[in-house]
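Each chain gets a letter, A, B and so on, in the order its sequence line appears, and its residues count up from 1. Predicted model, so just to flag it, every value in this text is computed and none were measured.
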Amino acid sequence: MAQKPSVPKGTRDFSPLEMSRRNYIFDTIKTVFQLYGFQCIETPAMENLSTLMGKYGEEGDKLLFKILNSGDFAGGVGEQELLERNSIRLTNLISEKGLRYDLTVPFARYVVQHRNDISFPFKRYQIQPVWRADRPQKGRYREFYQCDADIVGSDSLLNEFELVQMIDEVFKRLRVNVVVKVNNRKILAGIAEMIGEANRITDITVAIDKLDKIGLENVNMELLEKGVSAEAVRKLRPILELTGTTAEKLGQLEKAIGSSLVGQKGIQEVRTLFAYIGYGKPEAKVELDLTLARGLNYYTGAIFEVKAKDAQIGSISGGGRYDDLTGIFGMPGVSGVGISFGADRIYDVMTQLELFPEEAVTTTKVLFLNFGKAEEAWCLPVISQLRGAGVPSEIFPEADKIKKQMMWADRKQVAYVVMAGEQEIAQGKVNLKDMKTGDQQLVSPEELIRLLSDVHS
RNA sequence: GUGGAUAUAGCUCAGUCGGUUAGAGCGUCGGAUUGUGGUUCCGAAGGUCGUCGGUUCGAGACCGAUUAUCCACCCCA
């Protein structure tokens with residue numbers, strides 16, 4: 001046997017069924033984005049490496065897919081560099097482009113590059129694949145889609161609120177039960193400041209992010225290992241153990257870190273956001289989670305994360321505010337806030353919970369069986385009329401056995417089959433079969449068009 | 001980058017202590033039924049047991065290497 005073909009690891013094919021379901025998710029997200037006034041843009045799959053490198057930390061750089069220069073890419077490499085075997089230097093010589101790692105950095109580049117054509121605040125959405133060279137595992141791919149919505153050029157917390165509303169709306173429409181977790185980097189900074197470890201904020205946030213996964217004791221151990229003082233760990237403990245309503249948590253937190261300026265600002269922001277949320281009355285549970293940290297280091301204000309209640313798959317959506325993302329591209333002082341829906345994980349959750357409605361499958365509505373040349377000639381004008389009326393219709397291209405044609409219709413999940421053979425045509429009618437119930441009725445072509453273009457669609 | 005597991009038909013997997021000719025279910029194809037699918041019955045096709053080497057009279061099974069895949073960690077959507 002020939003070698004079995006395959007796709008690169010972490011990548012996937014999508015069948016017609018999978019695609020109609022994926023499009024159901026994409027369409028829902030797109031509709032909600034547009035409902036809130038976001039406009040669509042696209043950026044290239046590849047970016048200059050100079051745009052991407054250094055934006056995702058040292059780890060991130062390793063996870064970038066690099067594209068080999070075209071032509072004689074080894075031509076410019078000297079003996080010296082080859083002998084050195086320094087991968088990073090060598091990479092710079094033979095690759096100057098990479099596949100995008102997320103949609104936020106290309107968007108920042110876009111904003112800087114097109115600043116004269118954009119009127120701020122700029123609300124954009126973008127639904128495109130991104131690539132990461134990490135090791136795939138459950139719910140984790142090397143090629144996956146992100147659905148991002150960001151607002152840049154506005155500091156208002158109304159934007160944060162709008163994003164929470166959109167999260168709520170999207171998951172309401174998809175019928176996925178979620179918890180929206182909210183936190184604020186400024187509060188985390190305040191905490192770090194108060195326990196006397198202000199410059200260890202990254203280590204601290206990364207560690208406490210794991211709280212619900214590995215427990216308090218392990219978090220403390222990790223903090224100590226990273227060199228955070230025992231005194232600081234002791235001080236941190238009561239803050240991590242805060243309970244109660246959001247207002248109660250904030251009250252206690254204020255006592256604990258109120259003397260930190262940045263901490264106080266954070267508390268204020270969260271209060272304002274929750275006040276807005278109070279007006280919006282979202283269906284999903286929105287809660288303040290002080291242990292929510294999120295990895296991306298560019299967040300400076302609010303951070304969001306969405307988890308599916310009934311499935312264990314990690315976060316299916318997340319985002320936050322970044323005060324100065326465009327600064328690295330030479331455009332300081334532009335604040336942005338955004339969210340990203342992980343369509344692939346949402347798909348996995350919905351599959352697991354069987355949440356896809358039947359209508360999510362897009363297929364032919366009616367198939368005309370093929371009885372031969374004479375019947376074809378009679379059917380084709382009827383099919384044209386159906387299509388004209390917006391009914392997805394087709395005729396089986398071969399005059400195969402009826403059984404075979406029926407089987408094909410069944411597998412394609414066609415809703416109706418029309419049989420117009422010699423008998424029916426003699427009466428000027430067709431036999432319409434409902435594939436779900438098996439019922440058949442003899443109708444005229446006019447009735448057929450009326451029936452199929454009717455309510456059902 | 002670190003650790004663990006797996007690899008047998010298109011798919012999911014069984015294969016006992018190393019012993020004759022490699023097993024099932026599902027799927028595919030054909031037929032029962034030349035104008036009726038999703039249910040039933042009958043039949044058929046489909047395998048270099050991931051690859052290379054070793055142990056042995058004998059290897060799908062044991063050992064080594066290699067490749068691929070999956071899972072977990074790190075990190076993340």
Side-chain angles (χ1 to χ4, degrees), chain A residues 1-12 25 29 56-64 87 100-104 127-148 202 205-207 209-210 213-214 218 222 225-226 293-297 304-308 313-320 338-349 367-372 375 396 399-425 430-440 442:
Chain A
M1 189 184 11
Q3 198 187 355
K4 273 182 209 172
S6 63
V7 296
K9 68 175 159 194
T11 67
R12 296 151 296 164
I25 294 173
I29 292 172
Y56 310 104
E58 213 172 303
E59 282 295 308
D61 285 354
K62 282 189 212 155
L63 299 182
L64 285 170
S87 303
R100 65 169 166 254
Y101 180 89
D102 70 358
L103 299 178
T104 309
I127 298 179
Q128 291 190 273
V130 303
W131 295 269
R132 295 184 187 179
D134 63 359
R135 214 175 265 199
Q137 51 182 271
K138 205 185 195 76
R140 196 162 171 188
Y141 310 98
R142 292 185 131 182
E143 177 185 61
F144 61 96
Y145 274 73
Q146 288 191 333
C147 312
D148 277 25
T202 306
T205 51
V206 166
D209 192 38
K210 296 177 195 161
K213 207 169 179 181
I214 62 175
N218 291 320
E222 186 167 328
E225 263 169 41
K226 291 240 167 95
R294 292 190 62 76
L296 259 37
N297 285 321
F304 312 106
E305 185 161 283
V306 181
K307 288 202 155 160
I313 196 163
S315 70
I316 53 176
S317 183
I339 43 163
S340 177
F341 289 85
D344 300 87
R345 284 192 180 173
I346 294 171
Y347 180 93
D348 290 347
V349 168
L367 173 78
F368 281 62
L369 298 195
N370 191 322
F371 287 87
E375 291 86 347
F396 196 81
D400 277 338
K401 281 184 195 170
I402 298 308
K403 180 190 170 77
K404 187 173 175 188
Q405 297 190 46
M406 285 297 264
M407 205 133 65
W408 190 82
D410 185 49
R411 296 199 39 171
K412 200 169 172 179
Q413 298 188 55
V414 172
Y416 297 94
V417 161
V418 162
M419 279 163 285
E422 214 176 325
Q423 303 159 27
E424 289 87 359
I425 291 173
V430 302
N431 211 339
L432 175 66
K433 175 167 179 140
D434 182 327
M435 290 298 276
K436 197 150 220 172
T437 61
D439 295 342
Q440 287 180 212
L442 214 53

Quiz item: In dot-bracket, 5' to 3', how would RNA chain B read with Watson-Crick or G-U wobble pairs under 3.5 Å, [ ] for crossing ones and | for pairs to another strand?
Solution: (((((((..((((.....[...)))).(((((.......))))).....(((((..]....))))))))))))....
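- The side chain of Gln440(A) approaches U36(B) more closely than any other nucleotide in the set A77(B), U36(B), G35(B).
- Considering only residues two or more places apart in sequence or on other chains, Lys210(A) meets the side chain to side chain donor-acceptor pair (under 3.5 Å) condition with Glu222(A).
- Applying the ring pair (Phe, Tyr, Trp, His ring centres under 6.0 Å) rule to Phe144(A) yields no partners; only residues at least two apart in sequence or on another chain are considered.
- Heavy-atom nearest nucleotides on RNA chain B were determined for Gly318(A) and for Ile402(A), and the one closer to the 5' end corresponds to Ile402(A).
- Across all strands shown, Phe341(A) has no heavy atoms under 4.0 Å from either base or sugar-phosphate atoms.
- Between the side chain of Glu422(A) and the base of G35(B), no donor-acceptor pair under 3.5 Å is found.
- Taking atom CG of residue Asn370(A) and atom P of nucleotide U36(B), one finds them 16 Å apart after rounding to whole Å.
- Backbone-only engagement by Ser315(A) is indicated by non-hydrogen atom pairs under 4.0 Å involving sugar-phosphate atoms exclusively.
- Residue-level contact check: Arg411(A) touches the backbone only, with heavy atoms under 4.0 Å from sugar-phosphate atoms and none from bases.
- Picking from G35(B), G27(B), G38(B) the nucleotide with the shortest atom distance to the side chain of Asp410(A) gives G38(B).
- Nearest nucleotide to the Met419(A) side chain, out of G37(B), G35(B), A77(B): G35(B).
- Residue contacts for Gly438(A): at a heavy-atom cut-off of 4.0 Å it reaches a base atom on one of the strands shown.
- Contacts classified as salt bridge (charged side-chain N to carboxylate O under 4.0 Å, His left out) and involving residues 128-141 of chain A (residues at least two apart or in different chains) are given here: Asp134(A)-Arg140(A).
- A donor-acceptor pair under 3.5 Å is formed between the side chain of Asp344(A) and the backbone N or O of Tyr145(A).
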For nucleotides 70-72 of chain B, give me every protein contact, N/O to N/O, under 3.5 Å, one pair per line with atom names.
from: C71(B); atom 1: OP2; to: Lys138(A); atom 2: N; distance (Å): 3.3
from: A72(B); atom 1: OP2; to: Gln137(A); atom 2: OE1; distance (Å): 3.3

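- More than 12 non-hydrogen atoms from other residues, nucleotides or ligands lie less than 6.0 angstrom from NZ of Lys412(A).
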Atom pairs under 3.5 Å, N or O on each side, protein against nucleotides 31-33 of chain B: can you list them with distances?
from: G31(B); atom 1: OP1; to: Lys401(A); atom 2: NZ; distance (Å): 2.9
from: G31(B); atom 1: OP2; to: Lys401(A); atom 2: NZ; distance (Å): 3.2

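- Side chain Glu424(A) to base G35(B): a donor-acceptor pair is found below 3.5 Å.
- Between the Gln405(A) side chain and the Asp400(A) main chain, a donor and an acceptor come within less than 3.5 Å of each other.
- When each of G35(B), A77(B), G37(B) is scored by its nearest atom to the side-chain atoms of Arg345(A), the top-ranked nucleotide is A77(B).
- Between G37(B), C75(B), C76(B), one nucleotide has an atom nearer to the side chain of Met435(A) than all others, and that is G37(B).
- A straight line from CG of Asp209(A) to C1' of A77(B) spans 14 Å, rounded to a whole angstrom.
- One interatomic measurement links the two molecules: CZ of Phe371(A) to C1' of U34(B), which rounds to 12 Å at whole-angstrom precision.
- For the pair Trp408(A) and G37(B), the ring geometry does not qualify as stacking, because the centroid separation below 5.5 Å and plane angle under 30° are not jointly satisfied.
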